[in-house]
A.B. asks: 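Mind having a look at this structure? Questions to follow.
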Amino acid sequence: MQYWLMKSEPDVFGIDDLMARPKQTEPWDGVRNYQARNMMRDQMQVGDQVFFYHSNCAEPGIVGIMQVAKAGYPDVTAQDPDSKYHDPKATADNPRWYRVDVKFVRKFPRTITLNELKQHAQLDGMAVLARGNRLSITPVSKAQWDFILALA
DNA sequence: GCCAACGTTGGC
DNA sequence: GCCAACGTTGGC
């Protein structure tokens, strides 16, 4: 089993939105970056544990945990002309973009802020903290996962 | 709203 | 294959 961190803007889809979904499960669609796509398509497996990270908001940071409920499969929103995630180069034969389904596990009693994460030497090298990082999905090591869980 | 950092596109 | 232009991300 592997560990991950996935970003979302709470104004668009936050952890409270995930909690309110039927079965507390949601397709993680709209990812249009090849590195992130490859992780979803090739690596993420059912049961993998994922930190839910709120980005582009007043208090960016980790707000809870979800898990992968369905491994990578084509993101059909790319093939839908009415979707805001439409990509004219995506077809049924060549879907181009992939998504996974995620399921809510728990919400932390507080946000573990980006600022706080940066202050722990134990988390030096964590992908999400790397300078200039913009990837919306990054791997988390077991050591990093355990350390952050203990902060929550 | 600003802007640094980064990924993608497309002309050559 | 190079690289300038452009669009996006995301912290601040």
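Labels below follow one simple rule: chain letters A, B, ... track the order of the sequence lines, proteins then strands, and each chain is numbered from 1. When reading the values below, keep in mind they use all heavy atoms of this one structure, side chains included, and skip hydrogens, waters and symmetry mates.
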A.B. asks: Which heavy atom of A:Thr25 sits nearest to which heavy atom of A:Ala69, and what is that distance?
C.D. replies: CG2-CB, 4.3 Å
A.B. asks: Tell me: CG of A:Leu5 to P of C:dT9, nearest whole Å?
C.D. replies: 16 Å
A.B. asks: A:Tyr34 has an atom OH; how far is it from atom P of B:dG7, in whole Å?
C.D. replies: 13 Å
A.B. asks: Please determine whether a side-chain nitrogen or oxygen atom of A:Tyr53 lies at a distance below 4.0 Å from atom OP1 or OP2 of C:dG11.
C.D. replies: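 A:Tyr53 to C:dG11 OP1/OP2: side-chain N or O found under 4.0 Å.
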A.B. asks: What's the closest nucleotide to the A:Arg134 side chain, out of C:dG7, C:dG11, B:dT8?
C.D. replies: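 The closest nucleotide is C:dG7.
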A.B. asks: Expressed as a whole number of angstroms, how long is the span from A:His54:NE2 to C:dC12:C1'?
C.D. replies: 19 Å
A.B. asks: Between A:Ile65 and A:Trp145, is any pair of side-chain heavy atoms under 4.5 Å apart?
C.D. replies: yes
A.B. asks: Rounding to an integer number of Å, can you tell me how far A:Asp11 CG sits from C:dG10 P?
C.D. replies: 13 Å
A.B. asks: Take the protein atom CG of A:Asp87 and the nucleotide atom P of B:dT9, then report the distance between them rounded to whole Å.
C.D. replies: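 To the nearest whole Å, that distance equals 8 Å.
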A.B. asks: Got a second to check how far A:Asn56's CG is from A:His54's NE2, nearest 0.5 Å?
C.D. replies: 12.0 Å
A.B. asks: When rounded to the nearest 0.5 angstrom, what distance separates CD1 in A:Ile148 from CD in A:Glu116?
C.D. replies: 9.5 Å
A.B. asks: Taking atom P of B:dT8 as reference, at what distance in whole Å does atom CG of A:Leu135 sit?
C.D. replies: 10 Å
A.B. asks: In terms of side-chain heavy atoms of A:Gln35, which of B:dG7, C:dG11, B:dT9 is nearest?
C.D. replies: B:dG7
A.B. asks: Which residues in residues 110-133 of chain A have at least one heavy atom lying under 4.0 Å from any atom of DNA chain B?
C.D. replies: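 The stretch gives A:Arg131, A:Gly132 as the residues lying under 4.0 Å from the strand, ordered by number.
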A.B. asks: Looking at side-chain heavy atoms only, is the closest gap between A:Leu151 and A:Arg110 below 4.5 Å?
C.D. replies: yes
A.B. asks: Quickly work out the A:Asn33 CG to C:dG7 P distance and round it to whole Å.
C.D. replies: 18 Å
A.B. asks: Of A:Asp75, A:Asp87, A:Thr91, which meets side chain to side chain donor-acceptor pair (under 3.5 Å) against A:Arg96?
C.D. replies: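 For A:Arg96, the side chain to side chain donor-acceptor pair (under 3.5 Å) check succeeds only for A:Asp87.
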A.B. asks: Considering just the side-chain nitrogens and oxygens of A:Lys7, establish if one lies under 4.0 Å of OP1 or OP2 belonging to C:dT9.
C.D. replies: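 False: A:Lys7 side-chain N/O out of range (4.0 Å or more) of C:dT9 OP1/OP2.
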A.B. asks: Taking for each residue the nucleotide of DNA chain B with the nearest heavy atom, is it A:Lys89 or A:Asn56 whose nucleotide lies nearer the 5' end?
C.D. replies: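 Its nearest nucleotide lies further toward 5', so the answer is A:Asn56.
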A.B. asks: For the residue pair A:Trp97 and A:Tyr34, is the inter-centroid distance of their aromatic rings smaller than 6.0 Å?
C.D. replies: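 Yes: the rings meet the under 6.0 Å criterion.
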A.B. asks: Just how far, in rounded Å, is P of C:dG7 from OH of A:Tyr85?
C.D. replies: 20 Å
